[in-house]
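Could you have a look at this structure, given as structure tokens, before my questions?
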Amino acid sequence: MIISWNITKRCNLYCDHCYRDSSSDYFTGELSTKEGKKLIEEISEAGFKILVLSGGEPLMRKDVFELAHYAKQVGLKPVMGTNGTLITQDTAKQLKNSGIEAAAISIDHICEEKHDLFRNAAGCFQKALEGANNCIQAGIRVQINTTITKENKDYILDITDLARKIGATSHHPFFLVEVGRGEQISHVSLENNEYIQLINSILDKQLETDIELKPTCAPQFMAFAKHREMKMRFSRGCIAGIGYCCILPNGDVHICPYLPVKAGSVKELPFDQLWKDSTVFNSLRNFDNYKGKCGNCANLSVCGGCRARAYTKTGDYLAEDPVSNYCFMRN
């Protein structure tokens, strides 16, 4: 099981698509170091294995190394989600020494200028690549994350090649979900037919490359892979509320980073209790609650539909994924 903790809302960049609407401003209400360590203990008690320290930009928080080290001490595998631009050689060594095992670094285009434009910071493409290289040199595995829009959809597989070239072990293309600042760029979201076509192209690419590819916020990929008899290490497309959730900087617990439905707050109840007893989580674990084409699909157990996209389009996280009309696996 894996959990994301957005340890801060602060960020050194101001990206067009940011689901957390992060910026360089200071925000009040973030969990303290003491509260964070208590949360880490509760995450371990709940049975989670991997803790993603994310943001905002997690390196904007001064105690990030202390939190990572503590997670390692209680038996978790700490990893980091970062834009990569702050990872100098010394920072990479500190991350490694604190226990960080892997870093997911964002690269959104093979064109430096277009990546920088999307993230509103000149030079951030080169800094991200340098950050990735510094991690690899320090012995930290690197995963490249890419947010997919109409403007880069034709270059996703080129980014896979770039990821492999620099020594990354995986490439996870994220299909844009229109939340946070992502709402303001809904015009560059893929059409449903483009979405399905790209999933299949990514699976085709997986057959010819030795780094791991995972279409993210696109759970239909698991049904398609099953149909192709492809072996995948993943158990299900969407594991939100089942084997995954997200904790916000203020301690609110959400189904996933892209689904702003609150399951509780760790300031009010211990996380392990919330994970076990939350009505929201338990509703997701009962597949009889799923509606529409997703609820009637023979592949519900391996796919699940994107709960975030369902909520964004309908206001109901148990509704059918809008992409279901284009999903040939639905019958």
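Numbers here are sequence positions counted from 1.
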Is there a donor-acceptor pair under 3.5 Å between the side chain of Asn133 and the backbone N or O of Leu129? no
Should Asp204 and Arg228 count as an ion pair when the cut-off is N to O under 4.0 Å? yes
Counterpart residues, side-chain contact (heavy atoms from CB on, under 4.5 Å), relative to Ala240 (two or more places apart): Cys238, Ile255, Cys256
For Glu191, is there any backbone N or O sitting under 3.5 Å from a side-chain donor or acceptor partner on Glu194? yes
Spell out, as yes or no, whether a donor-acceptor pair under 3.5 Å connects the side chain of Asn192 to the backbone of Pro322. yes
What's the spacing between His69 NE2 and Asp63 CG if we round to 0.5 Å? 13.5 Å
Test side-chain contact (heavy atoms from CB on, under 4.5 Å) applied to Asp252 - qualifying residues, sequence neighbours left out: Leu248, Asn250, His254, Lys262, Ser265
Let me see the working for Met230 and Met222 under side chain to side chain contact (heavy atoms under 4.5 Å, CB included), right down to the final yes or no. CA-CA 9 Å; Met230 292 176 65; Met222 280 295 292; over 6 Å; no
In the single-linkage hydrophobic clustering (I, L, V, M, F, W, Y; side-chain heavy atoms under 4.5 Å), do Leu117 and Tyr155 co-cluster? no
Ring centres of Phe271 and Phe48 under 6.0 Å apart? yes
Look only at the side chain of Asn145 and the backbone of Ala104, and say whether a donor-acceptor pair between them is shorter than 3.5 Å. no
Transitive ILVMFWY side-chain link Val177 to Leu318, under 4.5 Å: no
Are Leu51 and Lys77 side-chain neighbours, meaning at least one heavy-atom pair lies under 4.5 Å? no
Which heavy atom of Tyr19 sits nearest a heavy atom of Gly55, and at what distance? OH-O, 3.6 Å
Backbone N or O of Lys9 within a donor-acceptor pair of the Glu30 side chain at under 3.5 Å? yes
With rounding to the nearest 0.5 angstrom, report the CG to CG distance, Asp16 to Asn120. 4.5 Å
Once you round to the nearest 0.5 Å, how far does CG of Asn299 lie from SG of Cys294? 10.5 Å
Is the side chain of Thr149 donor-acceptor paired with the backbone N or O of Thr147 at a distance under 3.5 Å, no angle test? no
Hey, does Ile100 have a side-chain heavy atom less than 4.5 Å from the side chain of Pro78? yes
Interatomic spacing from CG in Leu213 to CD in Gln206 - rounded to 0.5 Å: 4.5 Å
Should the pair Phe234 and Phe221 be assigned to parallel (<30°), tilted (30 to 60°) or perpendicular (>60°) ring geometry? perpendicular
Is it possible for you to say whether Val52 and Tyr70 belong to one hydrophobic cluster, with membership spreading through side-chain heavy-atom contacts below 4.5 Å? no
Check: Arg10 side chain, Gly56 main-chain N or O, donor-acceptor pair, under 3.5 Å: no
Apply side chain to side chain contact (heavy atoms under 4.5 Å, CB included) to residues Ile40 and Trp5 and explain how you reach the verdict. CA-CA 10 Å; Ile40 288 169; Trp5 175 20; 4.2 Å; yes
Flag the pair Lys37 and Glu41 as a salt bridge only when some basic side-chain nitrogen lies within less than 4.0 angstrom of an acidic carboxylate oxygen. no
When you compare the side chains of Thr33 and Glu66, does any donor N or O come within less than 3.5 Å of an acceptor on the partner? no
Ile185 side chain near Phe118 side chain, heavy-atom distance below 4.5 Å: yes
Hey, quick one: are Phe174 and Ile211 part of the same hydrophobic cluster, counting side-chain heavy atoms closer than 4.5 Å, chains of contacts allowed? no
Check whether NZ of the Lys or CZ of the Arg Arg236 lies under 6.0 Å from the centre of the six-membered ring of Tyr244 and within 45 degrees of that ring's axis. no
Give the minimum heavy-atom separation between Val253 and Cys245, together with the two atoms involved. CG1-SG, 4.1 Å
So does Ile107 get a backbone contact from the side chain of Thr146, meaning a donor-acceptor N/O pair under 3.5 Å? yes
Do Thr169 and Glu212 touch side chain to side chain, with heavy atoms closer than 4.5 Å? no
Would you mind reporting whether Phe224 and Ile196 have side-chain heavy atoms less than 4.5 Å apart? yes
Can you hop from Val266 to Val74 via hydrophobic side chains spaced under 4.5 Å? yes
Check for a donor-acceptor pair, side chain of Arg309 on one end and backbone N or O of Glu320 on the other, with a separation under 3.5 Å. no
Is there a donor-acceptor contact under 3.5 Å from the side chain of Arg61 to the main chain of Ile7? yes
Determine, step by step, whether Arg307 and Tyr290 satisfy the side chain to side chain contact (heavy atoms under 4.5 Å, CB included) criterion, reporting the C-alpha distance in whole Å, the side-chain angles of both residues, the deciding distance to 0.1 Å, and the verdict. CA-CA 10 Å; Arg307 298 300 95 216; Tyr290 289 58; 3.6 Å; yes
Do you see a donor-acceptor pair shorter than 3.5 Å between the side chains of Tyr317 and Ser283? yes
Are any of the side-chain nitrogens in Glu208 or Lys205 under 4.0 Å away from the carboxylate oxygens of its partner? yes
Between atom CD of Glu42 and atom CG of Leu269, what is the distance when rounded to the nearest 0.5 Å? 9.5 Å
Given the rule in the side chain to side chain contact (heavy atoms under 4.5 Å, CB included) test, do Ser98 and Lys72 qualify, once you have shown the distances and angles that lead to the verdict? CA-CA 8 Å; Ser98 70; Lys72 188 75 170 180; over 6 Å; no
Within the structure provided, determine whether Leu59 and Phe65 are in side-chain contact (heavy-atom separation under 4.5 Å). yes
Could you grab the distance from atom CG of Leu39 to atom NZ of Lys267, nearest 0.5 Å is fine? 11.5 Å
Just grab all the side-chain hydrogen bond (donor to acceptor under 3.5 Å, both in side chains) pairs involving residues 43-59, residues at least two apart or on different chains. Glu57-Thr82, Glu57-Asn83
Flag the pair Lys114 and Asp108 as a salt bridge only when some basic side-chain nitrogen lies within less than 4.0 angstrom of an acidic carboxylate oxygen. no
